[in-house]
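Below is one structure, written out as structure tokens; the observations come after it.
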Protein chains: 2
Amino acid sequence: MSAEPSDPADGLLRASVHEELRRRFVTGRVMPGTSLSTRGLALELCVSQMPVREALARLAAEGAVEIRSKRRIVVPPMTAARFQDLLRCREMLEPDAAASAVRHIDAARLKRLRAVDDEIGEALRDGDVGAYMARNYEFHFLIYRALSRPTLIQLIETLWLQFGPYMRVVYGRFGTSRLDDQHERALAAIRDRNGPALRRAVLADIRDGMSLIAKNGFENGA
Amino acid sequence: MSAEPSDPADGLLRASVHEELRRRFVTGRVMPGTSLSTRGLALELCVSQMPVREALARLAAEGAVEIRSKRRIVVPPMTAARFQDLLRCREMLEPDAAASAVRHIDAARLKRLRAVDDEIGEALRDGDVGAYMARNYEFHFLIYRALSRPTLIQLIETLWLQFGPYMRVVYGRFGTSRLDDQHERALAAIRDRNGPALRRAVLADIRDGMSLIAKNGFENGA
DNA sequence: GTCAAGAATCTGTGATCTCAGAATTGGACA
DNA sequence: TGTCCAATTCTGAGATCACAGATTCTTGAC
């Protein structure tokens, strides 16, 4: 993961709690429909209720959790409509972001991308979905963060935060086969400094997810 | 303003505080570079520190305020880079959103749009920048919210939240002349159910803002 | 008159406490 | 054995308290 910009509010308890929860969401360690409790998380993370509450308030603002009526805070259940909404938002932002970023990816970053891609391959061979999702996140954001556009990156991060729990369900249901080719194509496009090709690779990556809901409707989350 | 989907966490103190602060941001009643204090706001809004803290945590997650290192929470100062970043994000989302929404705008909504447009005209005549910004917000989101895409709307709202303070500065500096024609064009496009025309009108609206930073660099906020 | 050092104040952060309401569980009755 | 109701438990929301650090103001010396 290794947050690249390193939150300015470092050393704060709330920040580390938020980072931990964020990691869980992006790597799909929380299931859609699950309910979280401030007290439970506080106990688990050995902090008081307060930092957890503020972290959850942030996550609620980012759409990762919902304050369901009263007395219940849940990670939103998976819906075909919401899944498609998210994917179409990703389509609107990420291909363009990647295409614009390609000019700013230097040799060092490309090397790191290759290393992460290798780790992705390992995770896929081991069938470790959590590791795959963590590395996949790292791969994409190594590309996007080459751009100095904090607002755009923040928007995309919001999407991934909401997307993580869904992806885990999807991977658990359909497996992780043939997921690596898009990364190969992306790496080639970056090597060639080919923005349009990278755009197509990222778009294809997103469309892969889209195709999954074409054949299956989602009804529940847990 | 009148939040259309009416936050599910209604009746909560934190929600009303967040709504109030949100309103201030969108209508430009806070200046870039200003610092806010939880205690001050709590005193002003006649609530305890707690709801303010959580509301500010949400606003921080939405990028409307920054937790500057320690002991200071500020609304981000205006930068040419950030201004452009925001505008380009708006360009990526809002024209498409409007074009897609045009099919879902029924007669009732169009009537409300016309009414709001009239109020915009009044505000412009009176030179009431705050009222103009509030009605302008309402106008745009009456269009976007015709879509049932909560995630997309949430993203755009985040952008407006960050954008509000900047726009107020821009309007204060350059006035609000000739701002109404885009809305006329938009209304015509909606009447004709012409998605591409509405897309062009919204894009032109955003580009208007973009043109302002072409000739002027921003250095400070206050 | 100027500058620096120290004190007082103000700020965010975290902990603890209380309360109201929802959910769950238990038992009792049919 | 199944169903329904009540009581207990558990949850989030809000208020209050305590603390550390930064800022600012004041005061003293040079």
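In this text, all values refer to a predicted model and were calculated from it rather than measured experimentally. Below, each value reflects all heavy atoms present in this structure, side chains not excepted, and no hydrogens, waters or symmetry copies. Letters A, B, ... are given to chains in the order of the sequence lines, protein chains preceding strands, and every chain is numbered from 1.
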Handout entry: Aromatic contact, A/Phe25 with A/Trp160 (centres under 6.0 Å)
Key = no
Exercise for the section: Find out whether B/His18 and B/Leu56 are in side-chain contact, i.e. whether some heavy atom of one side chain is under 4.5 Å from a heavy atom of the other. Expected result: no
Practice task
Would you check if the side chain of A/Gln154 reaches a backbone N or O of B/Ala61 as a donor-acceptor pair within less than 3.5 Å?
Solution key: yes
Practice task
Would you indicate what B/Leu36 reaches in the nucleic acid, counting non-hydrogen atoms under 4.0 angstrom: base, sugar-phosphate, or nothing?
Solution key: sugar-phosphate
Practice task
Using a strict 4.0 Å threshold on nitrogen-to-oxygen distance, state whether A/Glu44 and A/Arg24 make a salt bridge.
Solution key: yes
Fill in the blank from the handout: To the nearest angstrom, the CG-P distance between B/Leu59 and C/dG12 comes to 14 Å
Practice task
Send over the distance from A/Leu41 CG to D/dT11 C1', rounded to a whole Å.
Solution key: 13 Å
Completion exercise
Quick tally for nucleotides 15-24 of chain D: nucleotides whose base has a protein heavy atom under 4.0 Å get B, sugar-phosphate-only ones S, the rest -, giving BB----BB--
Handout entry: Interatomic distance where CZ belongs to B/Arg58 and P belongs to D/dA13 [whole Å]
Key = 11 Å
Problem - Electrostatic pair B/Arg72:B/Glu66 at N-O distance under 4.0 angstrom - result: no
Completion exercise
Rounded to whole Å, the CD1-C1' distance (A/Ile73 to D/dT11) equals 11 Å
Handout entry: Carboxylate-amine/guanidinium contact B/Arg145 B/Glu157, below 4.0 Å
Key = yes
Exercise for the section: In whole angstrom, give the distance that lies between atom CG of B/Leu12 and atom C1' of C/dG21. Expected result: 12 Å
